[in-house]
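Following: one structure in structure tokens, then a few remarks.
The analysis underlying the following values was restricted to heavy atoms, covering all of them including side chains, and did not include hydrogens, waters or symmetry mates. Predicted, not measured: the structure shown is a model, and the values here were computed from it.
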Amino acid sequence: MRSPAPWSALAGPPAARESSPTWDPAAVRTLFPALTEAAEVYLDSASTTQKPRPVIEAIHRYHSSRTANAGRGTYPWSTGLTRAIEGVRERTAEFLGATPQEVVFTAGATAGLNAVALAWGLAALDDGDEILYSPRDHASNVYPWIQLRATLAGFGRRVRLIPYRVTALGEADIDDIAAKLSPRTRLITVSHLHHVFGSVTTLEELRGRLDPRVLLCFDCSQSAGHLPVDVAELGADFAVLSAHKMFGAPGTGVLYCRRRVHDRLTAFLPGGNSGVAVSDSGLRPTRMPEQLEGGTPNIPGILALGAALEFLGEIGIGTITAHNRALTQRLITGLRPLPGLQFLPGPAHAPCETGYGTVSFTLDGISAADLGFVLAESGFLVRTGAHCVPTAEHTTEDVAADDVSVRVSTHLYNTADEIDRFVRCVATIATEVR
């Protein structure tokens, strides 16, 4: 049932895919129907990626041929889907360097982070425990902890949220985190690749210095599909992926739960097909990952994720990383001389050439919203605003971000010519507003 991989010829031999881009981005674009039909330049992949034809076909195939529920029936349509979903689980585990029992399918990265708060936080945190987090992360890695704190307070358990700083490079400030660790620290949550700053945090400097009771949670929504994500190398206890940001479909995500935390998780979403048993005290979890996957899964979304992972494997993460780094540096070099342009933290401030496809900036004399509107009128589609970072009006935390900017985010289907044209457009606007 699997269709041939039409992108293979565009990606070069496997050895080349691991090191540098050997393919033509313009040719790759032909695999993305939305791009072949549009005259605009899409520079908002951090919001959602365009979908390649194999992903679109996987969704269409489910809805048009042998539609059934998985894990319920004993007839071939159902059992075939059950095997297909478990195949995607195995492929996801391989992608992460995990085991299939550690891979939970969710409704998205936001759902995954909330699952950590509910399945782990409600059951494991005691009065006085602490969570270290960054208020400048995506709201999905901020609000669940604020809500968890409020929920636990209703049961007489007071959990402290300790904010840590971000460096000028856009990375989590490791020294600040280390200074704020305490015997009551139970979780450190970070963005692996920041959705605004385009910088990577691995916490490798803390390796070997943390109490085993401190769990690590990585939001890999932006890094998955851009750079290698190895949960063992990260030392992650939890990690979340967002399928629609890695060529998959919206409404699908992945939660990685390290085996060592399985006995600390509660079934927060019990229902049909849950891995639980009824006991005198309520529901008792019996097996992972089913205990966190109650209800009917998003079958077409999971099948689309499988197609996206196959697509990524054929192109090669190393190729994508190198291509985005080249585009990032080309963008920074072109924008840097423009009068009144200021970069937010990120690769523009790094001492070496780095970048993963995301650059954010402001321009004197024009608001980010107005600049985004003018750019769209000129055919360049970018994101403007606070980019889902909680602002002062949305949080009562001591540290709150208020970075309103223009964000440019690229992927493998963007070209150097598009970057050059974008820079010329911004240069013209910069001249006019002055």
Side-chain angles (χ1 to χ4, degrees), residues 41-47 134-138 165-174 176 190-201 222-223 226-227 321-376 378 380-391 399-411 414 416 418-434:
V41 176
Y42 186 75
L43 295 170
D44 194 21
S45 290
S47 289
S134 170
R136 303 185 80 175
D137 276 356
H138 194 284
R165 294 192 297 264
V166 173
T167 70
L169 301 183
E171 303 166 356
D173 190 326
I174 300 300
D176 192 44
V190 298
S191 289
H192 186 207
L193 175 60
H194 199 277
H195 71 294
V196 180
F197 305 142
S199 53
V200 171
T201 296
Q222 298 294 337
S223 55
H226 283 80
L227 67 152
T321 300
H323 179 65
N324 273 320
R325 182 169 59 246
L327 293 184
T328 302
Q329 286 301 311
R330 194 180 192 96
L331 177 63
I332 291 171
T333 300
L335 293 178
R336 196 183 297 279
L338 301 188
L341 189 139
Q342 297 179 337
F343 292 106
L344 266 64
H349 301 279
C352 58
E353 291 190 356
T354 185
Y356 299 94
T358 298
V359 175
S360 298
F361 65 90
T362 60
L363 186 64
D364 290 347
I366 185 171
S367 70
D370 288 343
L371 178 54
F373 176 80
V374 175
L375 287 169
S378 302
F380 298 98
L381 310 183
V382 299
R383 174 78 181 268
T384 64
H387 315 295
C388 294
V389 176
T391 57
V399 181
D402 197 9
D403 295 320
V404 176
S405 62
V406 171
R407 182 185 68 188
V408 178
S409 50
T410 65
H411 221 306
N414 292 117
E418 289 179 335
I419 297 300
D420 293 343
R421 288 160 51 201
F422 175 79
V423 168
R424 289 196 295 269
C425 183
V426 177
T428 299
I429 297 170
T431 300
E432 291 177 351
V433 297
R434 288 177 67 86

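- For the atom pair Asn324 CG and Gln329 CD, the distance stands at 12.0 Å (nearest 0.5 Å).
- A distance of 9.5 Å separates OG of Ser45 from CD of Gln222, quoted to the nearest 0.5 Å.
- Partners of His195 under the ring-ring contact (aromatic ring centres under 6.0 Å, His included) rule, at least two apart in sequence or in another chain, are His138.
- Contact annotation: the side chain of Pro347 approaches that of Ile332 to within less than 4.5 Å [non-hydrogen atoms, C-beta and beyond].
- The side-chain heavy atoms of Leu169 and Pro345, taken from C-beta on, include no pair separated by under 4.5 Å.
- In this structure, the side-chain contact (heavy atoms from CB on, under 4.5 Å) partners of Cys425, at least two apart in sequence or on a different chain, are Leu375, Ser378, Phe380, Ile429.
- For residues 342-352, there are no side-chain hydrogen bond (donor to acceptor under 3.5 Å, both in side chains) pairs, not counting sequence neighbours.
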Yes or no on side chain to side chain contact (heavy atoms under 4.5 Å, CB included) for Ser409 and Arg383, after CA distance, side-chain angles and deciding distance? CA-CA 8 Å; Ser409 50; Arg383 174 78 181 268; over 6 Å; no

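- Distance alone, capped at 3.5 Å, places no donor-acceptor pair between the His226 side chain and the Leu193 backbone.
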As a quick check of understanding, evaluate side chain to side chain contact (heavy atoms under 4.5 Å, CB included) for Asp44 and Val382, giving each step before the final call. CA-CA 5 Å; Asp44 194 21; Val382 299; 5.9 Å; no

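- Summarising the geometry of Val166 relative to Ser134, their closest heavy-atom pair is CG2-OG, 3.7 Å, with the distance given to 0.1 Å.
- Take Asp137 and apply the side chain to side chain donor-acceptor pair (under 3.5 Å) test, not counting sequence neighbours, and it matches Asn141, Ser191.
- Across all non-hydrogen atoms, the minimal contact from Val406 to Ala368 is CG2-O, 3.9 Å.
- Here Glu418 pairs with Arg29 under the salt bridge (Lys or Arg N to Asp or Glu O under 4.0 Å) rule; sequence neighbours left out.
- Residues that satisfy the side-chain contact (heavy atoms from CB on, under 4.5 Å) test with Asp176, not counting sequence neighbours, are Tyr164, Arg165, Asp173, Lys180.
- Under the rule for a side-chain contact (heavy atoms from CB on, under 4.5 Å), the partners of Thr428 that lie at least two apart in sequence or sit in another chain are Glu432.
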Applying side chain to side chain contact (heavy atoms under 4.5 Å, CB included), run through Leu381 and Val41 and close with a yes or a no. CA-CA 6 Å; Leu381 310 183; Val41 176; over 6 Å; no

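- With sequence neighbours left out, Ser367 forms a side chain to side chain donor-acceptor pair (under 3.5 Å) with Asp370.
- Here the CG-CG distance, from Leu43 to Leu331, works out to 8.5 Å after rounding to the nearest 0.5 Å.
- Considering CZ of Arg325 and CG of Leu227, their distance stands at 10.5 Å, rounded to 0.5 Å.
- Looking at residues two or more places apart in sequence or on another chain, you find a side-chain contact (heavy atoms from CB on, under 4.5 Å) between Arg330 and Ala416, Ile419, Asp420.
- How far CZ of Arg336 is from CZ of Phe343: 5.5 Å, rounded to the nearest 0.5 Å.
- Residues passing the side chain to side chain donor-acceptor pair (under 3.5 Å) test with Ser223, sequence neighbours excluded: His192.
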Side-chain donor-acceptor pairs under 3.5 Å in residues 350-364, sequence neighbours left out?
unit_1, atom_1, unit_2, atom_2, d
Ser360, OG, Val196, O, 2.7

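- Applying the side chain to side chain donor-acceptor pair (under 3.5 Å) rule to Thr201 yields no partners; only residues at least two apart in sequence or on another chain are considered.
- Within the 4.5 Å cutoff, no side-chain heavy atoms of Thr384 are placed close to those of Phe373.
- Scanning all heavy atoms of the two residues, the minimum distance from Tyr42 to Asn414 falls at O-ND2, 2.9 Å.
- A distance-only check finds no donor-acceptor pair linking the side chain of Arg407 to the backbone of Gly385 [under 3.5 Å].
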